[in-house]
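Notes for the one structure printed next.
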Amino acid sequence: MLQALKELADRHRPVSMAGERTLPVLDAWRPLLPGGGLRRGATVAISGSTAVLLAVLAGPSKAGLWCVAVGVPWLGSVAAAELGVALERFALVPDPGRDWATTVAALIDGFDVVAVGVPPRIRAGDARRLAARARERGAVLLPLGEGWPAADVRVRAGPSRWVGLGDGHGHLQGRSLAVSVEGRGEAARPRRAQVWLPSLDEQVLAAPARAPTDASTPGARRLSA
C-alpha cells in the first residue's frame, strides 16, 4: 500500500514553488486567514466541522493545485463537490494503514495540500516531524481534530444555524456557521466570522451575524444546531 501511495504522490508532485507562497482560498476565508490564504509550509489545524475542512480545500483545488485527504473515512466525494472541491484535483485515502506517519509523510512529498484525520493517540514527535516535512516541501498540512499538539493556525467551528424549514414543511437549505481563527505570528490576533456552508444558493460565502430567513419558503424559520 505504501508503495502505491508513493507512486500516487509522485504523479501529483507540485511543479511550481517560487512566487506561489500563499495558496488561494475562497473569498469567505480571506479575511480570516493570515495573508488571505494558505501559506506554503504551514500547519493549519481545523476542528469542529468536516464541512469547514472541505470548504478550505475548495480554493486550492479550484486553482489547479493537488489536494488529498487521508485518514478521514467518513468524508465522501459528493460532500466535497457540494462545498466546491474540484474532484479532478482531489484524492481520498480513507485508510492510511498501520504506519500512519510514514503514509502522511509520503503524501506531503507529492501534494500541495494534505488534510489528515488526527489519530486518537498521536505522538508529539510524529506531529513535529510531519509539520517540519510540510515546511521543507512547501506543502500545507491540515490536521482535522483537536488532538494536534501544535499548529501555526487553528480554525475552530462554533455554533451553526440552519434555514429553510417552515411550519411542518420545507427542507434544510443553508447553514450559517461561526468560525474562529487564531495562532502564531500573523494569526496571533483572533479573528471571527459567520460563514455560509452552504448558502441558500449552495455557495460558500461570508454571512452576517444574523442568518436571514429564506424568502422563498413561507414561514421559514432558523434552526439552531
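None of these values were measured; they are calculated from a predicted model.
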About how many Å separate [atom2] of [Y] and [atom1] of [X], when rounded to the nearest 0.5 Å?
X: Glu186; Y: Arg39; atom1: CD; atom2: CZ; value: 7.5 Å
X: Leu197; Y: Ser49; atom1: CG; atom2: OG; value: 6.5 Å
X: Asp27; Y: Gln203; atom1: CG; atom2: CD; value: 10.0 Å
X: Trp196; Y: Arg161; atom1: CH2; atom2: CZ; value: 10.5 Å
X: Ser47; Y: Leu53; atom1: OG; atom2: CG; value: 11.0 Å
X: Leu54; Y: Leu75; atom1: CG; atom2: CG; value: 4.5 Å

Specify the closest pair of heavy atoms between [X] and [Y], including all atoms of both residues, with the distance to one decimal.
X: Arg192; Y: Ser180; value: CG-CB, 3.8 Å
X: Leu32; Y: Ala193; value: CD2-CB, 3.9 Å
X: Ala101; Y: Leu130; value: O-CD2, 3.6 Å
X: Pro149; Y: Ala124; value: CG-CA, 4.2 Å
X: Gly37; Y: Val25; value: CA-CG2, 4.0 Å
X: Arg191; Y: Pro31; value: NH1-O, 3.1 Å

Validation row: [X], [Y] side chains within 4.5 angstrom (heavy atoms):
X: Asp95; Y: Trp100; answer: no
X: Trp29; Y: Val56; answer: yes
X: Val70; Y: Val114; answer: yes
X: Trp148; Y: Ile122; answer: yes
X: Val140; Y: Leu23; answer: yes
X: Val52; Y: Leu177; answer: yes
X: Val204; Y: Leu83; answer: yes
X: Leu33; Y: Leu38; answer: yes

Trp74-Ile46 co-clustered via ILVMFWY side chain contacts under 4.5 Å: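 Same hydrophobic cluster.
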Any salt bridge between Glu146 and Arg156, counting N to O under 4.0 Å?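 Result for this pair is yes, salt bridge flagged.
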Hey, is Arg133 close enough to Asp109 for a salt bridge, meaning N to O under 4.0 Å?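 So Arg133 pairs with Asp109 through a salt bridge.
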Has Thr103 got a side-chain atom pairing as donor or acceptor with Pro96's backbone, closer than 3.5 angstrom?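 Confirmed, Thr103 side chain pairs with Pro96 backbone.
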Sidechain-backbone polar pair: Asp152 side chain, Ala42 backbone, donor-acceptor under 3.5 Å: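 Checking the backbone N and O of Ala42 against the side chain of Asp152, no donor-acceptor pair under 3.5 Å is found.
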Verify side chain to side chain contact (heavy atoms under 4.5 Å, CB included) between Thr102 and Val104, making sure each step is shown before the conclusion. CA-CA 6 Å; Thr102 301; Val104 175; over 6 Å; no
Could you walk me through whether Arg40 and Asp112 pass salt bridge (Lys or Arg N to Asp or Glu O under 4.0 Å), step by step? CA-CA 8 Å; Arg40 281 195 180 274; Asp112 298 283; 2.8 Å; yes
Could you please spell out the steps behind the side chain to side chain contact (heavy atoms under 4.5 Å, CB included) verdict for Val93 and Val68? CA-CA 7 Å; Val93 183; Val68 62; 4.0 Å; yes
